[in-house]
> 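One structure follows; several queries about it will come next.
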Amino acid sequence: MRIFFVSVIFLLLLAAPSTYAQDHVALEIKLKESPVELLQELQASITLPISATSLSVFERVASDQGYRVDELKYKLQLLTRLYLSTYVKEKDKYRKTEALLSLLEIIGTTAYDESYLQMLKGRYIARSQHDYQQALPHYDQALSLIESEQDLQAQLLKQLIHYHLGSLHRILHQDKLALIHLKLYRDTTYQLRTDYLIAHAESALGDFYNKRDQLSLALQHYSEALRLSNRQDKPFLKANLQLQLARVYRDLESWDEATQYAHDADEGFKALNMNRLRSHCMTVMAMVHANQNNWNQAIDYYLNAQQLDYKDQNVIAQALNYHNLGEAYFNNGNTKTSFEFLFKSNAIFLARKSNHYLVFNDLLIAQVAVANKDWLLAKKHSTLALHNAENLKLKDEQIEALQYQSQAYRNLKQSDKALATLDKLIALNLSTPETLDTPTDYTSSVLAEQKLKLEVHKLQGERSVLSTQLTRSRLLLITAVILVCLVSLIGVNQWRRKSVLAVSLLEARGKSVIEPVSGLPGYKGFIEELESQNKDTPHAIALVSLTGQLNADINQGFQCNNNMNKIQLQALAHSLAGKVYLIRPGLFILSLREPVTANELLQKSRNAIDKDYGDTSIHIGMLPLPLLMDPDIKLSAEVHFGAVQMTLAAALSLGQDTDYYVSIKALNFAPAAIFATPLYLHLEKGIMRGLLKVDTNGDKKKILWPRWKSHEHLDITELA
């Protein structure tokens with residue numbers, strides 16, 4: 001029968017999926033909503049770094065860490081993705097990413113694994129090198145590998161790939177492809193029927209249309225995202241939507257609404273400690289002032305954004321802020337300072353090979369140079385802008401660059417080049433314009449309708465919140481009235497008994513820590529002190545055995561022995577910084593409040609006892625605290641007492657010819673399981689496995705550790 005139950009339990013354990021396998025959708029939401037918190041959970045759940053030269057080696061590593069291969073692999077995939085998140089700050093995160101990518105390449109066995117790996121490689125290139133064109137093939141390959149897969153994990157991965165591809169194509173100004181992937185992202189999220197993911201996809205489409213100045217469509221998607229977000233309490237999603245809406249209202253020149261949404265978003269991101277997104281809020285507010293020609297106020301907000309980006313160590317964002325500051329100082333009539341910021345921005349974009357940003361920065365430098373009549377500088381940067389715009393196929397930017405270049409050539413008296421530039425400009429203007437999928441202008445009535453829908457959804461959300469709060473308040477009020485009546489009825493009698501109970505409680509507490517025979521503080525007092533939340537943790541605890549006097553209460557009689565123990569307890573307390581408790585005759589436990597080694601403790605104890613009935617050998621078992629370095633793991637006072645008992649038993653096994661101590665300390669990588677029940681068995685195994693460091697003034701090889709009765713065959717003497 002016992003074998004049957006063991007078999008059933010084993011099968012259930014095998015069949016039970018891990019927490020991460022049970023709900024991939026919830027994990028996806030957490031990764032988007034709280035990436036830093038998820039990163040910390042993952043780092044705490046696995047031991048890093050992991051090295052494996054083959055799948056078989058990785059299987060052993062997974063087993064050693066208590067995971068199945070697919071579980072640990074999935075954790076590593078998530079961890080790599082988090083290292084590449086824009087919201088995660090991690091030391092050497094790109095170096096760690098490279099190591100994880102190499103490991104995932106070795107342990108991948110399925111098309112899903114290879115697809116995930118290619119997606120991560122594309123993300124790594126885009127994030128670390130800003131080479132978005134080079135990142136695209138990796139995403140395309142990742143998508144092709146799982147195109148026909150329909151399971152939940154594959155669907156979530158396809159969503160992620162479409163979202164990233166949409167973002168990459170948008171950055172590269174390939175709007176048609178960007179829109180295709182963002183719509184596919186939205187369509188696949190609707191298949192999962194998860195409000196958060198749908199809201200995220202709708203918001204991504206709103207962001208796309210907003211950047212294309214298609215404000216009615218942007219508001220339409222933001223409105224739907226806001227409606228869905230009202231159903232859940234997700235602070236990051238809400239703050240991010242507020243930021244996007246601030247951008248839309250800025251472009252609609254609704255300055256009050258833009259400022260309000262940006263301010264609300266800033267408050268949300270501040271609570272989430274997200275400086276990167278707070279910087280975006282400052283930039284929106286700066287642009288609101290810039291669009292109203294309030295350049296001094298705009299500069300103030302840009303400088304605030306710059307401080308946040310500097311604190312967040314976001315180099316690209318700093319470069320974009322330098323660009324914005326250059327534009328603001330130029331419009332404020334300060335071309336010298338404008339050039340300083342624009343050249344700083346240029347240096348960063350060049351170093352990061354961010355050609356898509358470099359186009360606009362070179363154009364602005366050329367514009368400022370033309371206004372400053374610095375024709376050589378205007379020629380240089382208009383040429384650079386033209387070259388990058390041609391490579392990126394940006395027609396409008398090519399036209400602008402040719403205009404600045406033409407002005408520079410004319411003023412430099414280079415007529416032939418000026419005429420050639422004008423010919424190129426005319427040819428470019430006469431070329432067939434690119435057809436757009438969507439119109440770029442909307443009537444005021446359409447925009448007003450979308451704004452009204454958005455405001456309705458916002459008000460509906462606020463109404464829902466207020467309705468819930470009102471219902472809760474009514475219930476609380478009714479409950480409070482009932483409670484007040486009840487308290488009034490019993491309050492008169494209770495206050496009379498208060499003082500009597502207080503005195504009784506003090507007496508009971510005082511008696512609870514006193515041993516009834518000796519009248520001295522005992523075991524319960526030690527346990528109460530160790531479990532107290534209002535006191536600092538002791539530096540160490542120790543059991544001191546006056547070994548020759550352990551039976552003195554029988555040999556002397558308890559009255560005489562009590563007197564001796566009292567004198568010895570006072571002597572120990574006087575010699576040591578800490579509290580002393582009597583466990584039984586001749587056995588004291590110490591709670592030490594100062595750093596002291598076991599050898600020093602032994603000497604101080606000997607000096608104290610020598611003056612008061614010191615004709616006995618002394619044995620000490622000592623535990624430096626804390627037992628485990630992880631502050632989140634709490635061990636009971638009983639476990640502490642049991643562990644120090646074991647060290648004393650080890651010290652007693654060395655003999656009574658002289659004084660001995662034994663101390664054990666858990667190493668940093670020791671798991672909490674070594675202090676599990678049955679304690680002696682797990683401590684013994686911990687010593688065998690080298691998880692506990694043993695220290696003694698005797699011969700370690702002669703220590704006879706207490707044996708767990710079911711494991712007499714274990715021999716740890718050579719490891720002690």
Side-chain angles (χ1 to χ4, degrees), residues 6 9-10 12-14 16-22 37-52 57-76 78-79 96 100 103 530-531 537-541 621-647 649-650 662-695 700 703 705-708 710-711 713-720:
V6 170
I9 292 171
F10 181 73
L12 287 173
L13 288 173
L14 287 178
S18 69
T19 302
Y20 290 94
Q22 284 175 351
E37 182 182 339
L38 181 58
L39 175 68
Q40 292 169 349
E41 290 178 7
L42 283 173
Q43 289 175 330
S45 68
I46 54 180
T47 303
L48 295 170
I50 294 176
S51 298
V57 174
F58 182 73
E59 288 173 351
R60 290 197 296 272
V61 172
S63 178
D64 290 342
Q65 296 203 22
Y67 295 107
R68 298 196 306 269
V69 171
D70 60 329
E71 289 177 331
L72 185 57
K73 185 194 302 179
Y74 186 57
K75 283 175 178 282
L76 295 176
L78 281 177
L79 186 62
K96 294 176 181 178
L100 286 171
L103 178 61
L530 207 60
E531 290 183 341
T537 303
H539 285 276
I541 58 173
M622 182 173 173
L623 290 180
L625 298 184
L627 295 182
L628 292 172
M629 297 307 296
D630 189 344
D632 293 329
I633 299 176
K634 305 297 183 184
L635 299 175
S636 68
E638 288 78 5
V639 168
H640 287 72
F641 184 76
V644 78
Q645 273 188 312
M646 183 171 176
T647 61
V662 171
S663 172
I664 60 173
K665 180 175 178 61
L667 299 180
N668 290 345
F669 52 82
I674 61 174
F675 293 102
T677 303
L679 183 63
Y680 277 21
L681 170 62
H682 288 97
L683 287 176
E684 183 182 60
K685 287 185 176 180
I687 295 169
M688 289 178 64
R689 292 166 60 190
L691 301 175
L692 294 168
K693 179 183 177 183
V694 179
D695 182 33
K700 290 184 182 180
I703 294 176
W705 295 96
R707 299 304 176 106
W708 181 253
S710 297
H711 294 266
H713 63 283
L714 296 177
D715 186 6
I716 63 169
T717 55
E718 62 183 27
L719 296 170

> Taking side chain as C-beta onward, heavy atoms only, is S51 less than 4.5 Å from V57?
no
> With sequence neighbours left out, write down each residue that passes salt bridge (charged side-chain N to carboxylate O under 4.0 Å, His left out) with E37, or none if nothing qualifies.
K30
> Would you say I50 and L72 make side-chain contact, with heavy atoms under 4.5 Å?
yes
> Evaluate side chain to side chain contact (heavy atoms under 4.5 Å, CB included) for L48 paired with L76, printing each intermediate quantity in order.
CA-CA 10 Å; L48 295 170; L76 295 176; 4.3 Å; yes
> Can you name the nearest heavy-atom pair linking Q43 to L79, along with the distance?
CG-CD1, 4.2 Å
> Between CZ of R689 and NE2 of H682, what distance do you get to the nearest 0.5 Å?
9.5 Å
> With F641, which residues qualify under ring-ring contact (aromatic ring centres under 6.0 Å, His included), at least two apart?
Y523
> Suppose we screen for salt bridge (charged side-chain N to carboxylate O under 4.0 Å, His left out). Which residues come up paired with K634, at least two apart in sequence or across chains?
none
> Out of curiosity, D695 CG to M622 CE, how far, rounded to the nearest 0.5 Å?
9.5 Å
> List in chain and number order the residues that pass side chain to side chain contact (heavy atoms under 4.5 Å, CB included) with A672, two or more places apart in sequence or in another chain; answer none if no residue qualifies.
L628, I633
> So which heavy atom on V644 is nearest to which on T647, and how close?
O-OG1, 2.6 Å
> What distance separates L627 CG from K665 NZ, expressed to the nearest 0.5 Å?
8.5 Å
> For S63, check side chain to side chain contact (heavy atoms under 4.5 Å, CB included) against everything at least two apart and list the hits.
none
> Return the CD1 to CG distance between I541 and L623, rounded to the nearest 0.5 Å.
5.0 Å
> For K96, which residues count as a side-chain hydrogen bond (donor to acceptor under 3.5 Å, both in side chains) partner, sequence neighbours excluded?
E90
> Find the distance between CG (L683) and NZ (K685) and round it off to the nearest 0.5 Å.
12.0 Å
> Write down the atom of M646, the atom of W705, and the distance for their closest heavy-atom approach.
CE-CE3, 3.7 Å
> Mind listing the closest non-hydrogen atom pair of L625 and H640 along with its distance?
CD2-CD2, 3.6 Å
> Locate the shortest heavy-atom distance separating A666 from I674; write the atom from each residue and the value.
CB-CD1, 4.2 Å
> Check whether K75 reaches the backbone of I46 with its side chain - one donor and one acceptor, N or O, closer than 3.5 Å.
no
> Which distance, rounded to the nearest 0.5 Å, do you find between the CG of L78 and the CD of E41?
11.0 Å
> Tell me the closest heavy-atom pair linking P706 and E684, and the distance in Å.
O-OE2, 3.8 Å
